[in-house]
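Whatever order the structure lists ligands and atoms in, that order sets their numbers, starting from 1.
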Amino acid sequence: MDIHEYQAKEILKSFGVTVPQGGLAYSPEQAVYRAQEMGGKCWVVKAQIHAGGRGKAGGVKVCNSDTEIQEAADGMFGKQMVTPQTGPEGKGVYRVYVEAGVPIAREIYLGFVMDRSSQRVMIVASSQGGMDIEEISAESPDSIVRSIVEPAVGLQDFQCREIAFDLDIEASMVQQMVHTLKGCYRAFRELDATMVEINPLVVTGDNRILALDAKMTFDDNALFRHPSVSELRDKSQEDPRESRAADQGLSYVGLDGNIGCIVNGAGLAMATMDTIKLAGGEPANFLDIGGGATPERVAKAFRLVLSDDNVQAVLVNIFAGINRCDWVAEGVVQALKQVQVDVPVIVRLAGTNVEEGLKILDESGLPLVSATTLNEAAESSVAALRDHMAKKNK
Ligand code: ADP
Ligand code: MG
């Protein structure tokens with residue numbers, strides 16, 4: 001799960017990271033009010049969307065008066081902002097953050113990520129942070145500083161100082177840098193984050209180190225342990241199909257194809273998508289309905305998959321290990337009686353009680369295509385899809 005910049009800053013602040021003063025606004029008028037409340041002469045109005053790259057897309061505006069704030073916010077509210085990180089449809093702006101303008105001397109990149117090869121938290125930093133970090137990491141990869149945290153001992157002070165020296169932080173500010181690094185690391189660990197990114201972390205003209213931008217991503221599977229984090233979820237920033245699935249406890253990822261997939265188990269779901277591709281088709285989604293494929297869950301899954309207008313065929317692929325094929329077959333039959341399905345449905349069952357399961361499907365009188373192997377199921381899906389499209393286009 002992603003959160004907004006202002007939320008990430010609030011969290012990091014509670015872990016001792018210094019951030020500029022700021023206030024959230026839901027309208028241009030409120031944005032002006034926030035600036036007046038804060039005082040000062042220079043403010044930055046920042047669109048709150050779950051994506052970076054806002055600076056170059058007009059989502060970060062430096063303002064020196066009430067009128068400028070009003071205009072900047074007016075230009076952002078209600079817009080679909082497109083940045084290199086949003087995809088072509090963009091993300092809607094419904095909140096802006098008004099922040100004190102900071103006199104920047106240097107911009108540093110600082111990131112905390114899960115490094116799969118070392119299986120550790122890795123700190124990635126660059127002395128040349130800011131809006132061009134992607135180009136810098138491509139052109140001069142050697143300028144990137146990396147440091148791995150040993151989980152048994154956690155992030156050590158000497159390690160933080162080493163990073164500070166590598167980034168050419170002035171001696172008088174090294175302690176501030178150590179404090180910042182340790183705060184981010186604690187936030188990452190204690191809240192089960194999978195990413196903390198501060199770009200830019202700035203050194204100011206008056207020798208302060210401040211997080212000017214902040215991005216945090218959390219492990220969805222650990223959200224139940226952090227109600228204060230999980231309530232920060234903003235559905236306006238998510239794919240509506242995916243938020244609906246998450247609300248129903250289904251793992252769903254929407255894709256661009258037209259063959260809907262209903263599968264139990266993440267590995268089997270991946271294999272199903274691969275096999276569809278191999279057969280010349282395009283999966284419309286990844287969907288893992290979990291171990292207990294009860295009729296209710298199967299019906300929910302059908303509703304979800306069919307809510308995608310692109311879907312022109314559905315492949316149900318269930319392996320019954322703990323489950324039983326006859327129960328699953330009952331589930332599919334009940335689901336198809338509850339949910340109006342007017343695209344071909346291909347069912348492949350394997351595992352415990354498969355014969356009984358297939359019998360139930362056969363005897364249901366429903367227009368189902370059953371398949372024995374996954375290859376056969378994928379090929380039948382692609383063939384059924386072509387037939388269906390041809391009939392529709394007649
Ligand atoms: P994004 O990464 O989405 O482009 P940032 O929050 O990093 O958005 O802002 C882009 C740039 O705007 C920063 O690199 C920084 O130069 C400038 N900026 C952002 N916030 C402030 C601020 N409070 N004061 C001064 N400059 C800022
Ligand atoms: Mg940024």
Side-chain angles (χ1 to χ4, degrees), residues 2-13 17-25 31-32 34-65 68-69 72-73 75-77 79-87 90-113 124-138 144 167 180 184 193 195-217 234 237:
D2 292 329
I3 60 172
H4 288 294
E5 170 197 5
Y6 79 93
Q7 297 167 327
K9 280 179 169 163
E10 206 161 292
I11 291 177
L12 292 173
K13 190 175 168 192
V17 176
T18 317
V19 298
Q21 202 188 354
L24 185 71
V32 172
R34 288 284 176 242
Q36 287 170 347
E37 230 177 14
M38 256 188 287
K41 291 199 188 86
C42 172
W43 305 271
V44 182
V45 177
K46 308 179 80 174
Q48 297 299 292
I49 53 171
H50 285 183
R54 296 163 303 168
K56 289 181 177 170
V60 178
K61 290 254 159 73
V62 179
C63 302
N64 296 300
S65 69
E68 282 179 30
I69 292 174
M76 293 177 195
F77 272 110
K79 294 275 153 60
Q80 285 293 118
M81 186 158 285
V82 179
T83 83
Q85 298 182 14
T86 58
K91 291 206 186 261
V93 183
Y94 306 106
R95 306 174 195 189
V96 304
Y97 192 51
V98 184
E99 199 172 62
V102 172
I104 304 173
R106 272 186 67 192
E107 298 197 322
I108 291 167
Y109 173 92
L110 179 62
F112 290 70
V113 290
V124 185
S126 166
S127 59
Q128 294 161 285
M131 294 196 281
D132 296 317
I133 187 68
E134 277 85 7
E135 287 98 81
I136 287 160
S137 64
I144 308 278
L167 294 171
T180 304
C184 292
M195 201 240 338
V196 173
E197 187 186 70
I198 302 181
N199 183 36
L201 177 73
V202 300
V203 178
T204 64
D206 53 352
N207 287 354
R208 287 177 300 149
I209 292 183
L210 289 176
L212 230 56
D213 189 7
K215 206 170 169 186
M216 288 185 84
T217 306
D234 179 358
Q237 302 291 309

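- Tested against Asp2, the residues Thr217, Asp234, Ile49 include a single side chain to side chain contact (heavy atoms under 4.5 Å, CB included) partner, Thr217.
- Scanning all protein heavy atoms for the shortest distance to atom 15 (C) of ligand 1 gives Glu107 OE2, 3.2 Å.
- Among protein heavy atoms, atom 22 (C) of ligand 1 sits closest to Val44 CG2, 3.5 Å.
- Geometrically, ligand 1 and Gly55 share a nitrogen or oxygen pair separated by less than 3.5 Å.
- Comparing Ile104, Asp213, Leu212 by heavy-atom distance to atom 21 (C) of ligand 1, the nearest is Leu212.
- Numbered from 1 in the order shown, with element, the atoms of ligand 1 that lie under 4.0 Å from a heavy atom of Gly52 read 3 (O).
- Residue Asn199 has at least one N or O atom closer than 3.5 Å to an N or O atom of ligand 1.
- Close approach of ligand 1 to Ala100 (heavy-atom distance below 4.0 Å) involves ligand atoms 22 (C), 23 (N), 24 (N).
- In this structure, CD1 on Ile69 lies 8.0 Å from CD on Gln36, to the nearest 0.5 angstrom.
- In the vicinity of Pro200, heavy-atom distances shorter than 4.0 Å reach the ligand 1 atoms 7 (O), 13 (C), 14 (O).
- Close approach of ligand 1 to Gly101 is summarised as follows: ligand atoms under 4.0 Å from at least one heavy atom of the residue are 24 (N).
- From the protein, the heavy atom lying nearest to atom 24 (N) of ligand 1 is Val102 N, 2.9 Å.
- Every atom of ligand 1 with a heavy atom of Gly53 under 4.0 Å away is listed here by number and element: 1 (P), 2 (O), 3 (O), 4 (O).
- Of all protein heavy atoms, the one closest to atom 6 (O) of ligand 1 is Lys46 NZ, 2.7 Å.
- Of all the atoms in ligand 1, the ones that sit under 4.0 Å from a non-hydrogen atom of Arg54 are 1 (P), 3 (O), 4 (O), 5 (P), 6 (O), 8 (O).
- Heavy atoms of Gly59 come nearer than 4.0 angstrom to ligand 1 in no pair at all.
- Taking backbone and side-chain atoms together, Asp213 has an N/O/S atom less than 2.8 Å away from the Mg ion (ligand 2).
- Closest to atom 9 (O) of ligand 1 among all protein heavy atoms lies Val60 CG2, 3.7 Å.
- The shortest distance between side-chain heavy atoms of Gln7 and Arg95 falls below 4.5 Å.
- Ranking the protein heavy atoms by distance from atom 10 (C) of ligand 1 puts Met131 SD, 3.8 Å first.
- Closest to atom 23 (N) of ligand 1, if we only count protein heavy atoms, is Glu99 OE1, 2.7 Å.
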